[in-house]
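Predicted, not measured: the structure shown is a model, and the values here were computed from it.
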Amino acid sequence: MKLKTLPSEFQKALPILSRIKEYGYEAYFVGGSVRDVILDHPIHDVDIATNAYPEEIKKIFPRTVDIGIEHGTVLVLFDEEEYEVTTFRTEEGYVDFRRPSQVHFVRSLKEDLKRRDFTVNAFALNNESEVIDLFGGLQDLEKKTLRAVGDASERFYEDALRIMRGLRFVSSLGFTIEEKTLSAMKANANLLENISVERVFIELDKLLMSSFWQKGLKQLILCDVYLFLPGLKNCKKNLQLMLDELAPSFQFETSEQAWANLLMSIQVKSIKGFLKKWKTSNEFQKTVENLITVYHIRLERSFSSQDVYRFGKDILYQVESLREAKGLTVNQERISKLDSELIIHNKSEIVVNGRQLMSQYHLSPGPKLGMLLNEIETEIVGGNLENCQEKIFRFVERRLVDESFFS
Ligand code: ATP
Ligand code: MG
């Protein structure tokens, strides 16, 4: 098959293929971008594979960076872009089901394509726009089928992350998994426990954020993969519920929104505890926690200016769109109105600070002063106190004569 047009990203990189060829070697575009071009999807990264060894590539191009030479990858800087150029390789002797103990550089394109996970990820594209398809990937693309290259069971046994990648491709491409590949996924799902949780997180996150996420999640349940993911072991029913309770066309807007919804569906007790198992960042945990708090607030009442101030309008909008997807009432306008009417957006916008209060009223630093500042903040946000020095001083004076304040 010959492509009629090449996307600009490939056109820009064509001189790299030609230059490598001039030196007597082979070079191709490979990986997901070739699949995406054939599907007429936008592409992200242009990966190049070659039979030239890394040292040979470094002689051909004046500007290179060693980014993974032991895996055969050299970064070539060309025309203000960076390209990963990787030597054809095979992988051997998988340790702990996760990484090959050895990679061997080889001179044969076929050997390199054979180690790739799925037939639709195993294309090569030469500088004449011809697609090299050694494993029936074009037919699989046509039939919207995801099929492992070679013996599916062996491939998942070698590297169980491929199971998660497969489910993620179901979600991004909307494909159906071929029968043998599917049963091999199920049979090897337990090996996912050996894979680093950070890598599994990336794949599950991509699955949730892709267009056909319901299809991907359904497949994840059918393959029993959830049994081997942190905190999801006993959640089959609730995961199914998550599929049923959101509108079929709904797309998560952020990862945090997706995970917040997941955690609510499976009724997680400790949000932090669950997300720690997935080794997510503190910032991610905090945002997910806020989304869940705000979701529960909104079940009780409509939003207030305090909510917009405390959590920020983005979190509130995300909660509203989750509600919409669940068929609950929404009021987006209220959020924008409350936000536009906010008198201050953070503490530093209050015209009086702690130091001024301490010197004016001979207060010492400590929890009481903190409480006073918090009260001022709440009153200003609630529209009960003007953000002006004189009014704030009057407020403080009233509070200081109030004995209960010091008790
Ligand atoms: P995306 O569009 O999300 O970037 P991709 O198919 O390009 O998807 P990458 O993770 O960028 O996936 O990997 C590039 C290529 O490397 C894949 O298309 C596949 O050929 C190969 N590959 C990546 N990870 C694996 C793996 N675990 N096992 C086998 N082949 C892999
Ligand atoms: Mg890629």
Side-chain angles (χ1 to χ4, degrees), residues 253-257 259-261 263-264 270-272 275-276 280-324 328-407:
E253 296 155 324
T254 64
S255 293
E256 290 86 347
Q257 186 193 41
W259 284 78
N261 187 75
L263 266 67
M264 288 193 283
S270 161
I271 300 164
K272 282 241 158 86
L275 291 175
K276 273 206 178 108
T280 58
S281 70
N282 288 337
E283 196 187 339
F284 186 86
Q285 291 170 18
K286 188 75 220 154
T287 309
V288 170
E289 203 165 44
N290 282 346
L291 275 159
I292 295 176
T293 305
V294 172
Y295 188 90
H296 287 122
I297 290 176
R298 183 69 173 95
L299 287 177
E300 300 293 320
R301 57 169 172 79
S302 48
F303 287 135
S304 68
S305 39
Q306 303 287 351
D307 300 326
V308 192
Y309 177 75
R310 185 167 159 216
F311 299 103
K313 63 177 186 318
D314 289 347
I315 297 265
L316 274 57
Y317 279 128
Q318 288 183 53
V319 164
E320 243 14 27
S321 69
L322 265 187
R323 284 175 61 85
E324 190 168 25
L328 300 170
T329 54
V330 292
N331 191 348
Q332 314 272 12
E333 295 75 32
R334 184 176 173 85
I335 302 172
S336 51
K337 183 164 181 288
L338 288 170
D339 182 65
S340 66
E341 288 170 1
L342 269 190
I343 293 156
I344 54 169
H345 295 85
N346 57 58
K347 261 201 174 84
S348 69
E349 289 176 15
I350 302 176
V351 295
V352 169
N353 61 31
R355 241 180 308 112
Q356 286 166 294
L357 290 186
M358 287 196 296
S359 71
Q360 181 86 5
Y361 299 106
H362 309 293
L363 297 170
S364 37
K368 287 282 173 194
L369 180 68
M371 256 169 61
L372 196 54
L373 285 164
N374 284 345
E375 279 188 25
I376 295 168
E377 185 184 25
T378 307
E379 292 301 307
I380 293 174
V381 174
N384 306 317
L385 176 62
E386 237 180 273
N387 187 18
C388 102
Q389 197 179 54
E390 199 193 314
K391 295 273 166 64
I392 293 173
F393 282 166
R394 295 295 85 78
F395 174 82
V396 172
E397 283 154 20
R398 277 201 309 278
R399 289 302 282 124
L400 292 180
V401 294
D402 184 352
E403 280 180 26
S404 68
F405 185 75
F406 285 102
S407 60

As an exercise, state the distance from CG of L385 to CD1 of I392, rounded to the nearest 0.5 Å. 5.5 Å
At their closest point, which heavy atom of V351 faces which heavy atom of N387, and how far apart are they? N-OD1, 3.0 Å
Contacts of type side chain to side chain contact (heavy atoms under 4.5 Å, CB included), residue E324, not counting sequence neighbours: V330, Q332
Taking atom CD of E390 as the centre, does the number of heavy atoms from other residues, nucleotides or ligands within less than 6.0 Å exceed 12? no
Minimum heavy-atom distance V352-Q389, with the two atoms named: CG2-CG, 3.6 Å
Can you tell me if CZ on R323 sees more than 12 non-hydrogen neighbours from other groups inside 6.0 Å? yes
From CZ (F311) to CD1 (I297), nearest 0.5 Å: 4.5 Å
Under 3.5 Å: donor-acceptor pair, side chain of H362, backbone of M358: no
Hey, does the side chain of Y295 reach the backbone of A260 with a donor-acceptor pair shorter than 3.5 angstrom? no
In short, F284 meets L275 closest at the heavy-atom pair CE2-CD2, 4.2 Å
Any chance the side chains of T254 and Q318 put a donor and an acceptor closer than 3.5 Å? yes
Over 12 non-hydrogen atoms of neighbours within 6.0 angstrom of NZ in K272: yes
Indicate yes or no: at least one non-hydrogen side-chain atom of N331 is less than 4.5 angstrom from one of F303. no
Roughly how far apart are K368 NZ and L400 CG, rounded to 0.5 Å? 11.0 Å
Report the C-alpha distance between I343 and V381 in whole Å, list the side-chain angles of each, state the deciding distance to 0.1 Å, and finish with yes or no for side chain to side chain contact (heavy atoms under 4.5 Å, CB included). CA-CA 6 Å; I343 293 156; V381 174; over 6 Å; no
Kindly give the heavy-atom pair with the smallest separation between L369 and S364, and that separation in Å. CB-O, 4.1 Å
How close do S321 and Q257 get, heavy atom to heavy atom, and via which atoms? OG-NE2, 3.1 Å
K286/E289 salt bridge by N-O under 4.0 Å criterion: yes
If you round to the nearest 0.5 Å, how far is CD1 of I376 from CD1 of I380? 7.0 Å
What's the separation between atom CG in N282 and atom CD in Q285, rounded to the nearest 0.5 Å? 5.0 Å
Carefully, step by step, assess L342 and S305 under the rule side chain to side chain contact (heavy atoms under 4.5 Å, CB included). CA-CA 7 Å; L342 269 190; S305 39; 4.1 Å; yes
Going by distance alone, is a donor N or O of one side chain under 3.5 Å from an acceptor N or O of the other, for N374 and K347? yes
Check ion pair E320-R334 (N to O, under 4.0 angstrom): no
Is there a donor-acceptor contact under 3.5 Å from the side chain of T287 to the main chain of E283? yes
Separation between CG of L291 and CG of N261, rounded to the nearest 0.5 Å: 10.0 Å
For a quick check under 3.5 Å, do E377 and Y309 share a side-chain donor-acceptor pair by atom type? yes
Charged N-O contact under 4.0 Å between R301 and D307: yes
All heavy atoms of L357 vs all of L363, minimum pair found to be O-CD1, 4.1 Å
